[in-house]
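By convention here, the first residue in the shown sequence is residue 1.
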Amino acid sequence: MARIDLRGDALPEGSALRDLLPRADFDVQAALEKVRPICEAVHHRGDAALIDYAEKFDGVQLGSVRVPAQALAEALERLDPAVRAALEESIRRARLVHREQRRAAHTTQVVPGGSVTEKWVPVERVGLYAPGGRSVYPSSVIMNAVPAQEAGVASMALASPPQKEFGGLPHPTILAACALLGIDEVYAVGGAQAVAMFAHGTESCPPANMVTGPGNIWVAAAKRYFTGKIGIDTEAGPTEIAILADETADPVHVASDLISQAEHDPLAAAVLVTDSVELAEAVEKELEPQVAATKHIEDRIVPALSGRQSAIVLVDGVDEGLRVVDAYGAEHLEIQTADAAAVADRVKNAGAIFVGAWAPVSLGDYCAGSNHVLPTGGCACHSSGLSVQSFLRGIHIVDYTRDALAEVAHHVVTLAEAEDLPAHGAAIKARFGWKVPESK
């Protein structure tokens with residue numbers, strides 16, 4: 001891993017500090033032009049385009065993109081009992097956390113006779129996406145479906161790429177997770193074409209109001225293409241882990257956690273921020289045997305750890321480290337310092353924060369109860385991870401009596417005239433015989 005030494009001089013502010021930190025190249029705008037014809041083809045040709053793209057991109061010939069109900073049932077029946085138990089526990093814990101995020105309607109009595117109520121209404125239909133490239137992600141099915149279900153979404157469908165190895169169906173563990181969650185509308189469609197299917201609708205799949213779920217750059221580009229037509233969660237980029245650690249951290253833990261995210265993708269980012277040169281050296285020494293002992297070494301882990309997106313950042317102290325991780329805005333941020341909870345409480349920008357030696361990112365990926373669909377690429381400074389709130393819309397209900405309107409009518413008319421919108425004021429005057437009531 002490269003080193004970036006930020007010790008000695010005062011840290012710069014804002015974007016100047018961000019520019020010093022490692023980040024993967026992820027040009028969604030460039031990919032946008034490549035997905036445009038795919039999205040338009042799905043718009044105009046529907047299922048036929050989806051079937052053609054399955055053959056072109058996935059090497060499978062499909063008769064239909066809809067996964068039969070029998071395939072879902074068989075996948076669950078054949079699922080390894082240990083995997084089923086783990087998925088069920090992941091679902092249980094996710095429900096515990098996300099159920100607490102539900103929102104109730106709230107009414108504010110502004111004046112006697114005048115109130116504003118905010119009610120929360122779930123999105124009517126959601127398209128969920130589960131990646132199927134280098135790995136299989138049944139956990140992403142859980143992380144997308146559970147908050148949508150707890151929000152009260154009435155209709156949801158899931159898309160995942162067809163797999164040649166499984167006869168053109170998505171991976172059976174994906175199908176089994178869908179069956180466990182009661183999702184019976186599943187499509188063997190991947191990439192940008194899956195987002196286009198949900199956005200436009202096809203003969204098989206009704207259009208959705210929103211699409212959520214992680215994916216590659218083509219999925220991210222398709223989400224950008226359809227922003228405004230449908231709701232999206234985020235343009236998820238390559239996964240990231242940042243670890244803020246001091247001399248109290250265990251280098252074995254730190255090294256293993258960096259590797260755990262590097263195994264996702266060659267563009268995955270692994271960043272250690274520390275004020276301890278001794279820890280940095282110990283982690284570097286520990287990486288070698290741990291990498292050698294694992295899987296996906298040459299195609300993912302080594303390119304990720306050695307890429308421009310990964311580095312060990314040396315700082316003068318934990319305070320400076322906090323400034324660095326806030327500037328970085330990591331998807332996953334581990335705090336492995338003395339008094340880690342107090343340090344974590346000072347963090348401003350992160351998708352999710354993992355406190356201390358016994359809360360690694362791997363726990364959050366599967367069984368912490370938290371959600372692992374999180375903002376990447378520094379977007380944690382303005383965006384949140386997926387939650388029940390992602391699937392809810394707040395609607396204001398304004399209820400005023402004649403007397404309550406009369407009390408404020410002169411202010412409304414004054415502001416309408418100040419904005420040169422006289423018809424706005426006229427809509428008030430018309431209710432009082434064209435004479436604005438005098439204020440009390």
Side-chain angles (χ1 to χ4, degrees), residues 1-24 237-262 268-288 290 304-361 364 374-382:
M1 293 178 69
R3 282 199 191 187
I4 299 173
D5 195 338
L6 300 182
R7 295 173 297 170
D9 298 326
L11 293 176
E13 299 291 337
S15 61
L17 178 53
R18 287 193 295 273
D19 289 344
L20 296 176
L21 303 177
R23 189 74 75 185
T239 191
E240 305 161 347
I241 182 174
I243 302 176
L244 176 59
D246 62 14
E247 72 281 355
T248 67
D250 187 328
V252 174
H253 297 172
V254 174
S256 65
D257 293 352
L258 293 171
I259 295 169
S260 73
Q261 292 305 297
V271 178
L272 169 61
V273 181
T274 184
D275 62 350
S276 171
V277 175
E278 291 76 14
L279 176 69
E281 292 174 347
V283 169
E284 289 173 328
K285 184 177 179 181
E286 186 61 39
L287 283 172
E288 186 173 346
Q290 287 200 35
L305 293 178
S306 61
R308 60 177 294 176
Q309 70 273 19
S310 298
I312 296 174
V313 182
L314 296 174
V315 292
D316 286 320
V318 171
D319 288 346
E320 289 77 11
L322 278 167
R323 287 186 57 196
V324 168
V325 297
D326 274 335
Y328 185 74
E331 177 189 18
H332 309 96
L333 173 63
E334 291 187 358
I335 306 295
Q336 297 199 34
T337 65
D339 202 2
V343 173
D345 192 52
R346 296 169 60 193
V347 173
K348 299 176 183 176
N349 300 329
I353 303 171
F354 299 82
V355 182
W358 307 108
V361 169
L374 301 166
T376 61
C379 292
C381 67
H382 56 71

Quick one: list whatever passes side-chain contact (heavy atoms from CB on, under 4.5 Å) with [X], sequence neighbours left out.
| X | value |
| --- | --- |
| Ala327 | Leu17, Arg18, Leu21 |
| Ala380 | Pro375 |
| Asp275 | Asp246, Glu247, Val315, Val318 |

Note to self: On a heavy-atom basis, which atom in Ala280 and which in Leu314 lie closest, and how many Å separate them?
What the structure shows: CB-CD2, 4.1 Å
Note to self: So which atom in Leu305 and which in Ala270 form the shortest heavy-atom distance, rounded to 0.1 Å?
What the structure shows: CD2-CB, 3.8 Å
Notebook entry, point to check: Does Tyr328 offer a backbone N or O that forms a donor-acceptor pair with the side chain of Arg23 under 3.5 Å?
Noted result: yes
Note to self: Using a 3.5 Å distance criterion without hydrogens, assess whether the side chain of Glu331 forms a donor-acceptor pair with backbone atoms of Glu240.
What the structure shows: yes
Please enumerate all residues that pass side-chain hydrogen bond (donor to acceptor under 3.5 Å, both in side chains) together with [X], with sequence neighbours excluded.
| X | answer |
| --- | --- |
| Glu281 | none |
| Glu320 | none |
| Asp5 | Arg7 |

Note to self: Listing request: all salt bridge (Lys or Arg N to Asp or Glu O under 4.0 Å) pairs with a residue in residues 305-318, at least two apart in sequence or in separate chains.
What the structure shows: Asp25-Arg308
Next item on the list: Apply side-chain contact (heavy atoms from CB on, under 4.5 Å) to the pair Met1 and Val283, showing each step before the final yes or no.
Entry: CA-CA 10 Å; Met1 293 178 69; Val283 169; 5.7 Å; no
Next item on the list: Output every pair passing side chain to side chain donor-acceptor pair (under 3.5 Å) with a member in residues 252-262, not counting sequence neighbours, ordered by first then second residue.
Entry: Thr239-Gln261, Asp257-Gln336, Gln261-Asp365
Margin query: Would you compute the distance between atom CG of Leu272 and atom CG of Leu287 and round it to the nearest 0.5 angstrom?
Written below: 9.0 Å
Listed by chain and number, what are the salt bridge (Lys or Arg N to Asp or Glu O under 4.0 Å) partners of [X], not counting sequence neighbours?
| X | value |
| --- | --- |
| Glu334 | none |
| Glu284 | Arg3 |
| Arg323 | Glu13 |

Note to self: Side chains of Val313 and Thr274, heavy atoms from C-beta outward: is any pair under 4.5 Å?
What the structure shows: no
Notebook entry, point to check: Mind checking whether Lys348 and Leu322 have side chains closer than 4.5 Å, heavy atoms only?
Noted result: no
Distance-only check: which donor-acceptor pairs under 3.5 Å involve side-chain atoms of residues 338-346, not counting sequence neighbours?
from: Arg346; atom 1: NH1; to: Asp319; atom 2: OD1; distance (Å): 3.1
from: Arg346; atom 1: NH2; to: Asp319; atom 2: OD1; distance (Å): 3.0

